[in-house]
Protein chains: 4
Amino acid sequence: MPAPSESTARRDKRSAILDAAIRVFARTGYHAARVSDIADEAGIAYGLVYHYFKNKEEVLNSIFEERWGDFLDVVSAIAASDEDTREKLFQIASLIVNAYRVRPDWVKVLVLEIQRSSRFAEPGQMHAVGKLFAMIAGILRDGQARGEVRSDLDPKIACYVLIGGLEIVITGLVLGVIEVESAEEEGDYFDRVARTVVETYFNGICP
Amino acid sequence: MPAPSESTARRDKRSAILDAAIRVFARTGYHAARVSDIADEAGIAYGLVYHYFKNKEEVLNSIFEERWGDFLDVVSAIAASDEDTREKLFQIASLIVNAYRVRPDWVKVLVLEIQRSSRFAEPGQMHAVGKLFAMIAGILRDGQARGEVRSDLDPKIACYVLIGGLEIVITGLVLGVIEVESAEEEGDYFDRVARTVVETYFNGICP
Amino acid sequence: MPAPSESTARRDKRSAILDAAIRVFARTGYHAARVSDIADEAGIAYGLVYHYFKNKEEVLNSIFEERWGDFLDVVSAIAASDEDTREKLFQIASLIVNAYRVRPDWVKVLVLEIQRSSRFAEPGQMHAVGKLFAMIAGILRDGQARGEVRSDLDPKIACYVLIGGLEIVITGLVLGVIEVESAEEEGDYFDRVARTVVETYFNGICP
Amino acid sequence: MPAPSESTARRDKRSAILDAAIRVFARTGYHAARVSDIADEAGIAYGLVYHYFKNKEEVLNSIFEERWGDFLDVVSAIAASDEDTREKLFQIASLIVNAYRVRPDWVKVLVLEIQRSSRFAEPGQMHAVGKLFAMIAGILRDGQARGEVRSDLDPKIACYVLIGGLEIVITGLVLGVIEVESAEEEGDYFDRVARTVVETYFNGICP
DNA sequence: GATGAATGAGCTTTCATTCAT
DNA sequence: AATGAATGAAAGCTCATTCAT
């Protein structure tokens with residue numbers, strides 16, 4: 001066996017614990033989740049969790065750091081593309097909405113647990129979430145330069161309305177307030193939600 | 001002392017415990033909150049909490065039952081009034097913005113904690129928070145019938161953009177990301193925020 | 001019942017826990033001792049230990065602070081008395097040696113456990129033990145002024161030899177290396193030990 | 001590779017683990033010491049400790065068996081020599097002082113840790129450390145017979161004053177309370193300490 | 001020989017809840 | 001009504017020990 005495979009095995013087990021933790025945190029919430037629940041979900045002894053992570057909180061932090069970074073990379077690529085503002089925002093909206101469809105547990109934990117953790121109380125920890133706001137504000141500013149967005153809006157505030165709309169949609173999905181209509185495909189429904197939010201954001205609800 | 005004053009005193013103390021609990025739950029979450037934290041916050045001994053409530057969960061349940069209903073009643077009255085759609089939405093936006101301004105903790109607890117409790121496991125029971133969304137969707141649907149709202153929007157989705165926009169702006173204020181301009185009164189500022197969000201919501205960001 | 005009796009009851013329970021802890025630490029050592037052992041020894045639930053002390057270490061610290069201070073007070077009184085140097089040192093030697101006879105567990109814990117704790121690694125924590133050395137050095141210095149002690153000795157070093165001798169005797173007793181001869185009374189034996197140490201210290205072993 | 005060198009390598013590694021264990025036990029005590037601390041100190045993987053020793057307790061036992069016997073052999077040789085009492089005691093004082101200087105950890109572990117283990121619970125077994133005291137007491141008794149030592153002293157007690165004086169002076173050096181004068185070599189200084197203690201021990205502090 | 005992943009007994013600590021006062 | 005001492009279930013975490021590689 002070559003050495004790299006061992007390193008891969010270690011990374012795999014670590015990842016397996018994180019995945020199990022996401023599922024458990026999504027199901028019961030961070031505080032109510034026992035370390036032994038995570039271990040059971042991952043099919044390992046609970047002591048092993050402490051072999052890979054310092055404690056329960058580091059598991060939550062690792063979920064955030066390793067999953068949120070991936071998400072930001074995709075948003076960054078969209079922001080840098082040649083599409084017009086409306087299309088960029090729609091792609092981001094789609095990304096967010098579909099993230100819930102594909103990995104509902106991830107979104108549940110990111111939205112419900114990590115937002116509440118001390119991360120946001122400490123200055124400078126706002127950073128990671130702040131990056132998302134800055135990226136979308138940047139897209140709006142570019143849009144204003146191209147004449148695709150009203151120039152009387154402050155991009156730094158306007159971006160909140162879009163993100164807030166998306167966030168509430170996600171929260172609604174997470175909490176089960178929004179239910180997919182039985183008449184259409186799930187994938188179609190999620191696309192329609194993203195499109196409606198961006199469309200409303202662009203044109204308003206006035207006829 | 002007349003008897004009613006004693007009953008009032010009892011109700012006051014009960015209410016004080018609930019208010020303290022809301023603040024603590026908002027700060028640390030239900031699971032992490034200790035009964036002694038609630039008692040400290042209320043300035044009483046922790047044993048007394050058990051004089052007024054069966055246990056910690058009953059405290060959470062009582063918050064829900066006694067606070068959310070009041071809020072929905074006001075929204076319901078606005079929805080039933082003769083005002084046009086824009087004015088109704090502005091009034092609700094004002095109500096929410098000011099609720100968040102005056103009692104940010106209430107909203108945090110109602111949205112984040114109560115959903116997760118076992119209350120909603122019972123089948124056939126509608127999400128209480130969902131009722132708010134349904135009411136606003138209802139206003140939009142009425143607006144479509146009156147020709148005041150674009151008929152191509154799905155009211156059930158469009159309502160999230162308004163609520164989400166309001167929520168994230170207020171969250172920004174609460175977290176201190178957005179700062180109130182020193183030249184105006186705080187109350188005025190919150191009204192202006194509500195008006196701006198509703199305005200953007202109506203007319204969009206398109207030039 | 002008057003209020004003071006309640007305060008007394010609280011102090012009594014606290015003291016009972018400390019006494020139980022001394023017995024347990026003496027028996028098994030600090031590290032091997034379980035909090036539940038202390039509670040069992042005191043006849044209470046282990047949770048109650050945490051009602052009176054922050055954690056296990058604070059129990060050990062409290063033993064030290066509350067018992068060592070009492071000891072220093074007595075030494076201080078002896079140092080301030082009118083007796084000659086030899087008598088003062090004999091009284092202190094008696095005090096130390098008899099402390100073991102009356103409260104062997106106290107001495108065991110003070111000698112074996114607390115010396116090893118981090119207390120002495122941290123600067124400034126040397127203080128409490130240092131006070132004993134300073135007091136005895138002071139007695140020697142007074143003795144030199146009175147012509148009762150060789151003036152070519154540095155009191156700061158000479159005091160170590162006495163304390164060292166006493167300490168080893170105590171350690172020997174604690175560890176069971178020294179055994180009381182069956183032919184004499186225990187009290188007599190301990191007095192003889194104290195006298196021998198001081199006598200040797202004064203006159204040397206030379207004939 | 002010749003066979004003997006392999007056996008030597010094995011013995012070296014085993015010895016390295018014991019030396020590391022002594023340092024760790026001296027620092028933190030047996031109970032608080034982790035097997036992984038010993039391994040870290042020895043620069044090996046903790047699993048390897050179990051290749052050379054059955055378990056943690058066997059490490060402690062081996063320290064005792066393989067280190068203390070050597071020391072006693074030297075003391076025994078000194079006691080049996082033709083020197084007069086003062087010279088014998090000076091040689092032992094030198095041995096102890098230098099043992100403490102070169103291997104302070106050995107003495108700490110031998111004195112503080114090993115006594116407490118279950119080894120000495122077995123009836124009829126003499127305290128190994130007690131043997132050292134008995135040997136020195138024997139030298140004093142011989143000295144009394146030769147007229148070199150006051151006959152009114154109990155050798156079993158008097159020996160403690162010497163050992164204790166040595167111990168506490170050395171402890172002072174180890175803890176940095178006494179500092180070696182810069183003008184002389186460290187080795188010289190330790191010899192002078194041994195000589196001073198033996199001198200004081202012989203002639204007393206009386207003028 | 002050597003490594004360190006894996007296990008789980010057992011400890012410390014927290015805290016909801018009860019209850020005597 | 002009010003207090004807080006007392007209890008003990010339950011959880012987090014540590015670490016000696018085993019074992020596959």
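Computed from a prediction, not measured in an experiment: that's the story for all the values here.
Note on C:Ala32: nothing from the nucleic acid sits closer than 4.0 angstrom, heavy atoms only. Among the atoms of the strands shown, only primed sugar atoms or phosphate atoms (P, OP1, OP2) are found under 4.0 Å from some heavy atom of A:Ala33.
Residues B:Ser15 and B:Glu66 are not in side-chain contact: their nearest non-hydrogen atoms beyond the backbone lie 4.5 Å or more apart.
Rounding to the nearest 0.5 Å places CG of D:Leu60 at 10.0 Å from CG of D:Leu18.
Nearest-nucleotide positions on DNA chain E for D:Gly43 and C:Lys56 put D:Gly43 closer to the 5' end. Nearest-nucleotide positions on DNA chain F for A:Asn55 and B:Tyr52 put B:Tyr52 closer to the 5' end. Comparing B:Lys13 and D:Lys54 by the nucleotide of DNA chain F that holds the closest heavy atom to each, the one mapping nearer the 5' end is B:Lys13.
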Solution key, residues 37-47 of chain B side-chain donor-acceptor pairs under 3.5 Å, sequence neighbours excluded:
unit_1, atom_1, unit_2, atom_2, d
B:Asp37, OD2, B:Arg34, N, 3.2
B:Asp37, OD2, B:Arg34, NE, 3.2
B:Glu41, OE1, B:Arg27, NH2, 2.6
B:Glu41, OE2, B:Arg23, NH1, 2.7

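With rounding to whole Å, A:Ile17 atom CD1 is found 11 Å from E:dA6 atom C1'. Between the C1' atom of E:dT17 and the CD1 atom of B:Ile38 lies a distance of 13 Å, rounded to the nearest Å. Atom NE2 of B:His31 is separated from atom C1' of F:dA11 by 12 Å (rounded to the nearest Å). In this structure, D:Asp40 places its CG atom 11 Å from P of E:dT3, rounding to the nearest Å. For D:Tyr30 and F:dC15, the OH to C1' distance is 12 Å, given to the nearest whole Å. Going from atom CD of A:Glu58 over to atom P of F:dC13 covers 11 Å, rounded to whole Å. In this entry the distance linking CG of C:Leu60 with C1' of E:dT12 reads 16 Å, nearest Å. The nearest whole Å value for the distance from the CZ atom in C:Arg14 to the P atom in F:dA6 is 14 Å.
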Quiz item: Dot-bracket for DNA chain E: what is it, with Watson-Crick or G-U pairs under 3.5 Å, [ ] where a pair crosses earlier ones, and | for a pair to another strand?
Solution: .||||||||||||||||||||

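Using a 4.0 Å cutoff on non-hydrogen atoms, the parts of residues 44-51 of chain A near DNA chain F are A:Tyr46, A:Tyr50, ordered by number.
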Quiz item: Could you go step by step and tell me if B:Val59 and B:Phe25 meet the side chain to side chain contact (heavy atoms under 4.5 Å, CB included) rule?
Solution: CA-CA 10 Å; B:Val59 175; B:Phe25 290 161; 4.3 Å; yes

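No donor-acceptor distance shorter than 3.5 angstrom exists from the side chain of B:Lys13 to the backbone of B:Tyr52, with no hydrogens or angles considered. A side-chain donor-acceptor contact under 3.5 Å links C:Lys56 to the backbone of C:Ala33. A donor-acceptor pair is defined here as one N or O able to donate and one able to accept, closer than 3.5 Å; no such pair exists between the side chain of C:Tyr30 and the backbone of C:Val109.
Between A:Phe64 and A:Trp68, the ring planes lie parallel to each other; the angle is under 30°, not in the 30° to 60° tilted range.
Salt-bridge annotation for A:Asp19 and A:Arg67: present, with a side-chain N of the basic residue lying under 4.0 Å from a carboxylate O of the acidic one.
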